[in-house]
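When a ligand or atom number is given, it counts from 1 through the structure's own listing order.
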Amino acid sequence: MTDSTPAGIRPALSTTSRRRVLAAAPVAGAAAALAACSAPAEPQAVPTAGTEAEPHVVAAVSDLPRGSKLSVEIDGRNYLLFRPSETDVLAYRALCTHQGCQVMVGEAEAFQCPCHNSEFSPEDGAAIAGPADDPLERFAAEIDGDDVVVFV
Ligand code: FES
């Protein structure tokens, strides 16, 4: 098991507390994202990696081959995953830092916001195109056996 926790804090995994939330969720349509964008949302307070974060099994490792991206849902919120190597996985909140639209996995290499075409790097969540300046919010994540776990 490899620790990809950005804060270096990894809560202990408990088999009984794990929940398979949603695996391999198809990317929501642009219409849904645009609907979400019609009323710009304030970024919501989401607990980041730390002592209060809980592990959520969000996908099987086989759903996220090396170099691929995936959209998952945890407690009604969307997250974006990227697996840069066999042993690492990165997780970001799918909330655009421009005006709060839902960021999508998309067909391109970068994560994409359909509202004003901001793009975010899967490698670090940085805003690399469009009007967004700030990176996507990152969460601790890891591969644990056959599971992809995100700490939220
Ligand atoms: S809300 Fe994402 S680019 Fe404007």
Ligand 1 atoms in contact with C101 (distance to a heavy atom under 4.0 Å): 1 (S)

Atom name, H116 (N, O or S, nearest to atom 4 (Fe) of ligand 1): ND1

Under 4.0 Å to a heavy atom of S118 - the qualifying atoms of ligand 1, by number: 3 (S)

Validation row: L81, V58 side chains within 4.5 angstrom (heavy atoms): yes

Under the salt bridge (Lys or Arg N to Asp or Glu O under 4.0 Å) test, residues paired with E107 that sit two or more places apart: none

Ligand 1 contact on C96 by region, counting heavy-atom pairs under 4.0 Å: side chain

H98, N/O/S atom nearest atom 4 (Fe) of ligand 1: ND1

Any side-chain heavy-atom pair of V148 and V57 under 4.5 Å: no

Minimum-distance pair of heavy atoms, taken over all atoms of I143 and E86: CD1-O, 3.5 Å

Indicate every side-chain donor-acceptor pair of residues 119-131 with a distance under 3.5 Å to a residue at least two apart or in another chain.
| residue | atom | partner | partner atom | Å |
| --- | --- | --- | --- | --- |
| S121 | OG | E123 | N | 3.1 |
| S121 | OG | D124 | OD1 | 3.4 |
| D124 | OD1 | A126 | N | 3.0 |

